[in-house]
Amino acid sequence: MPETTFNPHEFKAQFPIFDQAENEKLIYVDNAATTQKPQAVIDRLTHFYLYENANAHRASHRLARAATDAIENSRKIIAGFINANDRDIVFCRGTTEGFNLLANGLASQCHAQEEIIITSAEHHANILPWRRLAEQRNMKIRLVPDIDGIPDLSQLASMLSDNTRIVSFTMASNVLGCKLNLESVAQLLKDHPCFYVIDAAQGLGHCPIDVDKLGCDFLVASAHKAYGPLGAGFVYGKQKVLSTLDPYLLGGEMVKSVTLDAAEFNKAPGRFEAGTMQLASIAGFGAAIEFLSQQDREGMHAHEVRLIQHIHKELSSLPAIQLISKPENNLGICTFNIKSDVIEATSGDLAQWLDEHDIAVRVGYHCAQPLYESRALQQGLRISVAGYNTFEDCDKVVRVIREWIDNIEESKTTTTPCSNSILESLQNAKNWQARYKMLMEFGQEERDESIQADDNIIHGCEAKTWLAGSQVDGKYQFITDSESRIIRGLGVLMKHWFNGKDADFIQNFDWETECQKLGLTRHLSASRNNGFRAMILTAQCSVVPTSSDSE
Ligand code: PMP
């Protein structure tokens, strides 16, 4: 194996976001959502606005020529990077727009009863445009079966028929990180007159892409997941094939001649680049690809693989963690759930804890809900690495996760303080960590499944949360329950404030000041603050002041 020249520390030094004082300790492992941008890309964006800003492909003055050259130069760089011809690259805003462009553009070539084959591991961007196409053209969507969530492409051959019209696969899942073996797919499709599309959103920044070897008709990707700017992406397709597609956006610069009755559209790629494009981002996209090409990409890939294997190994030893992803054939993503039978807290609670330790991860369904539903999984927590992450980063992430688990385990044995001392205990906590731990302790036993009715659901709370209230002699009593332990803990605080009080007190209670005093506004994540706010406002709106009672 050749000696690697890739050094994550030197690589990281090229990303100025990590030099900002507030980011000194930041561990950014949300790279599957978007990567950070190197100085070279930031400089390219600035250069465009300082020296080239004009509209491209229109006027012939000096600046307009510079802008056009910038775009066409990016097209060449990107085409070269994926072994395509530069006329085969259509610029768009990103993968999502690319799929919409394709689904709309292919509609007139699709017919009733024809089939679109995707896998269960697709991102919504590679599902929803096809779903609408299927509805419009009375087509069917079929899913390649999976083994433990990983698409089993060996089943594809038996699914193909004369009805197969579109086959659209991800290069790598944004939840599982697994890279699909797409090299063999084109061979299987060669006797079927279908369009073969690849979603390379998660591939572009991590592995080499050769459209010739892949044999696909179309490939779609975004700049921002490959160290490039936000707002730029491309659709690859052979110019000959692309020119058979109906244009998605209609408008300026994509048309040869227009009358009120007819229009003759340009050939690809101009046919699909209507209106003023995000020119600076496209120029920056070229710079990102040049930047990537200058790295030891094999070494970087090997480094990312080692990191993700290390994280999987460490987390697999924790009984509270249920890994959703697997380390094998993984481009850099580890996704997991919290085992609710081992600890009573959600991955959202853990994400918040990590954020408090300056570790950026993502929690949710990651725009891949069918994957979660097929395996009956709760929202997952995703750690996704890039070249600038190090083993120290990964060890810290694992250590902070362990601490969180230990804290919760410990709190099982601690008893919740009696109601009078709730506020006192919170106020006297020595720091925010201790206060957070206390709130988690409050949330430990605080369950009441009897109020889990649809009518009691609090809207505006990310985790499912319920609130029920009753009134005796003008004094209110509230009961709360939530899937999130921290929200249950916050419910205890709200009940401490409101239970036994009358409507006037409840409605006039200045909870915002109280939350600030306790540091909740500053330290809790935006989603938890919103959830707590929704709970309080729901309680406040549910009470009826005595004055209006007597009217
Ligand atoms: N496909 C995959 C596999 C993705 O990971 C993403 C982004 N998470 C997309 C498509 C959509 O990309 P974008 O948001 O850049 O349009």
Side-chain angles (χ1 to χ4, degrees), residues 28-37 41 78 90-104 116 118-131 143-144 146 149-151 166-180 182 197-207 209 214 216 218-236 248-249 272 277-278 281-282 284-285 288-289 304 308 324-325 329-335 360-372 379-386:
Y28 185 81
V29 276
D30 190 19
N31 295 287
T34 197
T35 58
Q36 297 304 336
K37 318 303 171 202
V41 169
I78 292 160
V90 173
F91 285 121
C92 57
R93 282 193 303 137
T95 310
T96 302
E97 190 174 88
F99 274 112
N100 280 277
L101 181 158
L102 289 174
N104 280 277
I116 301 168
I118 59 175
T119 76
S120 56
E122 302 303 337
H123 186 277
H124 294 168
N126 192 16
I127 302 175
L128 294 177
W130 303 129
R131 239 195 62 187
L143 289 185
V144 175
D146 62 277
I150 308 225
I166 291 163
V167 173
S168 188
F169 292 159
T170 190
M171 180 168 271
S173 156
N174 64 315
V175 178
L176 305 168
C178 58
K179 183 169 184 291
L180 300 194
L182 297 180
V197 188
I198 294 179
D199 175 353
Q202 293 296 340
L204 191 67
H206 297 278
C207 60
I209 297 179
L214 287 165
C216 53
F218 305 109
L219 181 138
V220 195
S222 305
H224 71 100
K225 293 177 196 283
Y227 308 107
L230 299 158
F234 70 85
V235 174
Y236 153 83
Y248 170 46
L249 292 175
F272 300 101
M277 307 282 286
Q278 50 293 354
S281 293
I282 293 173
F285 193 1
I289 294 299
E304 291 167 347
I308 215 64
I324 298 175
S325 56
N329 215 12
N330 188 320
L331 284 187
I333 291 177
C334 176
T335 304
V361 297
R362 170 145 180 228
V363 73
Y365 293 116
H366 309 110
C367 302
Q369 238 167 314
L371 173 69
Y372 277 86
Q379 304 193 27
L381 191 147
R382 180 178 74 187
I383 297 167
S384 52
V385 298

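Quantities reported herein were computed from a predicted structural model and do not represent experimental measurements. Indexing begins at 1, ligand by ligand and atom by atom, following the structure's order.
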A.B. asks: Determine whether a donor-acceptor pair (N or O, by modelled atom type, separation under 3.5 Å) exists between the side chain of Asn174 and the backbone of His366.
C.D. replies: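 Looks like yes, one N/O pair under 3.5 Å.
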A.B. asks: Under 30°, 30 to 60°, or over 60°: which ring-plane class applies to Phe99 and Trp130, parallel, tilted or perpendicular?
C.D. replies: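 Answer is perpendicular, since the angle exceeds 60°.
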A.B. asks: Which parts of the protein, at residue level, reach under 4.0 Å of ligand 1 through a heavy atom?
C.D. replies: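 Its neighbours under 4.0 Å (heavy atoms only) are Thr95, Thr96, His123, Ala125, Thr170, Asn174, Asp199, Ala201, Gln202, Ser222, His224, Lys225, given by chain and number.
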A.B. asks: Are Phe169 and Asn126 packed together at the side-chain level, in the sense that at least one heavy-atom pair is separated by less than 4.5 angstrom?
C.D. replies: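 A side-chain contact under 4.5 Å is absent here.
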A.B. asks: Evaluate the side-chain proximity of Val220 to Asp199: yes if any heavy-atom separation is below 4.5 Å, no if none is.
C.D. replies: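 No, side chains not in contact.
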A.B. asks: Indicate whether any N or O donor in one side chain lies under 3.5 Å from an N or O acceptor in the other, for Thr335 and Ser325.
C.D. replies: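 The answer is no; no qualifying pair exists.
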A.B. asks: Using side-chain heavy atoms (C-beta onward) and a distance below 4.5 Å, is Leu331 in contact with Met171?
C.D. replies: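 With C-beta onward as the side chain, the pair stays apart.
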